[in-house]
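The block underneath contains the structure these notes are about, expressed in structure tokens.
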Amino acid sequence: MRVRDEHKEATIRQKAMEMIVAEGFHGFSMQRLAKAANVSPATIYIYFKNKEDLLNSLYNDVHQTFARVALENFDPNASLEDGLWLQWKNRMKFIFEYPSHYRFYDQFRNSPLIHHKDIKESGFKEAMKSFVMNAIIRDEMARIEPETFWSIAYGPFYSLLNFHLMGKSMMSDQYTVSDEKMKRLLRLVLKALRP
């Protein structure tokens, strides 16, 4: 019986995430991962049944990290403005503290892999649903489809943050995000969401 080595498992996970972020899912193989992690291919199978199990496990772990950071100090009963501002700040914290996680999370969520039966839901979705319903009940927000809400509430935020991550925008060779820029954007988003 082989003994599990937490350091090896962590290295395998980290290298897998780095490879996927750099090259996508199509070029990812267990052989290449073993070489990058400096382990034998058989070692990977001590920790994961197959490639699918590895990818699902990575996503579930990253999603738990995202949910933990995004829900830090978050109250679904908060006002729309306060709750959305905290969500933006927490999501920005996740992106800055876990850049590889963020890129992997984004790639996975925008792939067919997200529909696998082993992908676990967290309490995050319910907290967000409750937050939106509370804002509608308090008449702070129009009753709109969840996809429209997400596009208005988070689409502009992620666009602004992507300019920051690239370090430039369409109009400038240098761009950094600031609380002032985010607050200005938040005011526009709130205006669009109001009834």
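Throughout, residue positions are numbered sequentially from 1 according to the sequence presented. Predicted model, so just to flag it, every value in this text is computed and none were measured.
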Least distance between heavy atoms, [X] atom then [Y] atom:
{"X": "A70", "Y": "Q87", "value": "O-NE2, 2.7 Å"}
{"X": "R91", "Y": "F124", "value": "NH2-CZ, 3.2 Å"}
{"X": "L193", "Y": "A153", "value": "CD1-CB, 4.3 Å"}
{"X": "D118", "Y": "N60", "value": "O-ND2, 3.0 Å"}
{"X": "L54", "Y": "M30", "value": "CD2-SD, 4.0 Å"}
{"X": "V21", "Y": "S100", "value": "CG2-O, 3.6 Å"}

Taking the six-membered ring for Trp, are F157 and Y154 parallel (under 30°), tilted (30 to 60°) or perpendicular (over 60°)? perpendicular

Which label fits F94 and Y105: parallel for a plane angle under 30°, tilted from 30 to 60°, or perpendicular past 60°? perpendicular

Between CG of N56 and CG of D53, what distance do you get to the nearest 0.5 Å? 7.0 Å

Taking [X] for the side chain and [Y] for the main chain, is one N or O donor matched with an acceptor at less than 3.5 Å?
{"X": "D82", "Y": "A78", "result": "no"}
{"X": "S151", "Y": "E147", "result": "yes"}
{"X": "S159", "Y": "G155", "result": "yes"}
{"X": "T11", "Y": "H7", "result": "yes"}
{"X": "E140", "Y": "L80", "result": "yes"}

Side chain to side chain contact (heavy atoms under 4.5 Å, CB included), that's the test. Do D75 and F131 meet it? Break it down for me. CA-CA 8 Å; D75 180 359; F131 170 63; over 6 Å; no

Please step through side chain to side chain contact (heavy atoms under 4.5 Å, CB included) for the pair L55 and F28, ending with a clear verdict. CA-CA 10 Å; L55 294 175; F28 180 75; 4.2 Å; yes

Heavy-atom distance under 4.5 Å between the side chains of [X] and [Y], does that happen here?
{"X": "L71", "Y": "M128", "value": "yes"}
{"X": "F149", "Y": "V132", "value": "yes"}
{"X": "F108", "Y": "I119", "value": "yes"}
{"X": "R109", "Y": "Y59", "value": "yes"}

Counting only heavy atoms not in M166, do more than 12 sit closer than 6.0 Å to its CE atom? yes

In terms of heavy-atom contacts, does CG of N110 have more than 12 from other residues, nucleotides or ligands at under 6.0 Å? yes

By side-chain hydrogen bond (donor to acceptor under 3.5 Å, both in side chains) - contacts of E97 (at least two apart): none

Could you pull out all residues at least two apart from E145 that satisfy side-chain hydrogen bond (donor to acceptor under 3.5 Å, both in side chains)? T148

Can you list everything that forms a salt bridge (charged side-chain N to carboxylate O under 4.0 Å, His left out) with [X]? Sequence neighbours excluded, please.
{"X": "K15", "result": "E18"}
{"X": "R68", "result": "none"}
{"X": "K89", "result": "D179"}

Criterion side-chain hydrogen bond (donor to acceptor under 3.5 Å, both in side chains) against D61, the qualifying member of K120, R13, H101: R13

May I ask whether L188 and M170 are part of the same hydrophobic cluster, defined by side-chain heavy atoms of I, L, V, M, F, W, Y residues being less than 4.5 angstrom apart, directly or through others? no

Show me the pairs that pass salt bridge (Lys or Arg N to Asp or Glu O under 4.0 Å) and involve residues 22-47, at least two apart or across chains. E23-R32

Between I95 and F66, does a side chain to side chain contact (heavy atoms under 4.5 Å, CB included) hold up when you go through it step by step? CA-CA 9 Å; I95 292 166; F66 167 75; over 6 Å; no

So, do H164 and F96 have ring centers that fall under 6.0 Å from each other? yes

Whether K181 engages the ring of Y175 as a cation-pi pair (distance to the six-membered ring centre under 6.0 angstrom, angle to the ring normal within 45°) should be assessed. yes

Going through the distances and angles, do V62 and Y102 end up as a side chain to side chain contact (heavy atoms under 4.5 Å, CB included)? CA-CA 8 Å; V62 168; Y102 166 66; over 6 Å; no

Between R138 and S79, is there a side-chain donor-acceptor contact under 3.5 Å, judged purely by atom types and distance? no

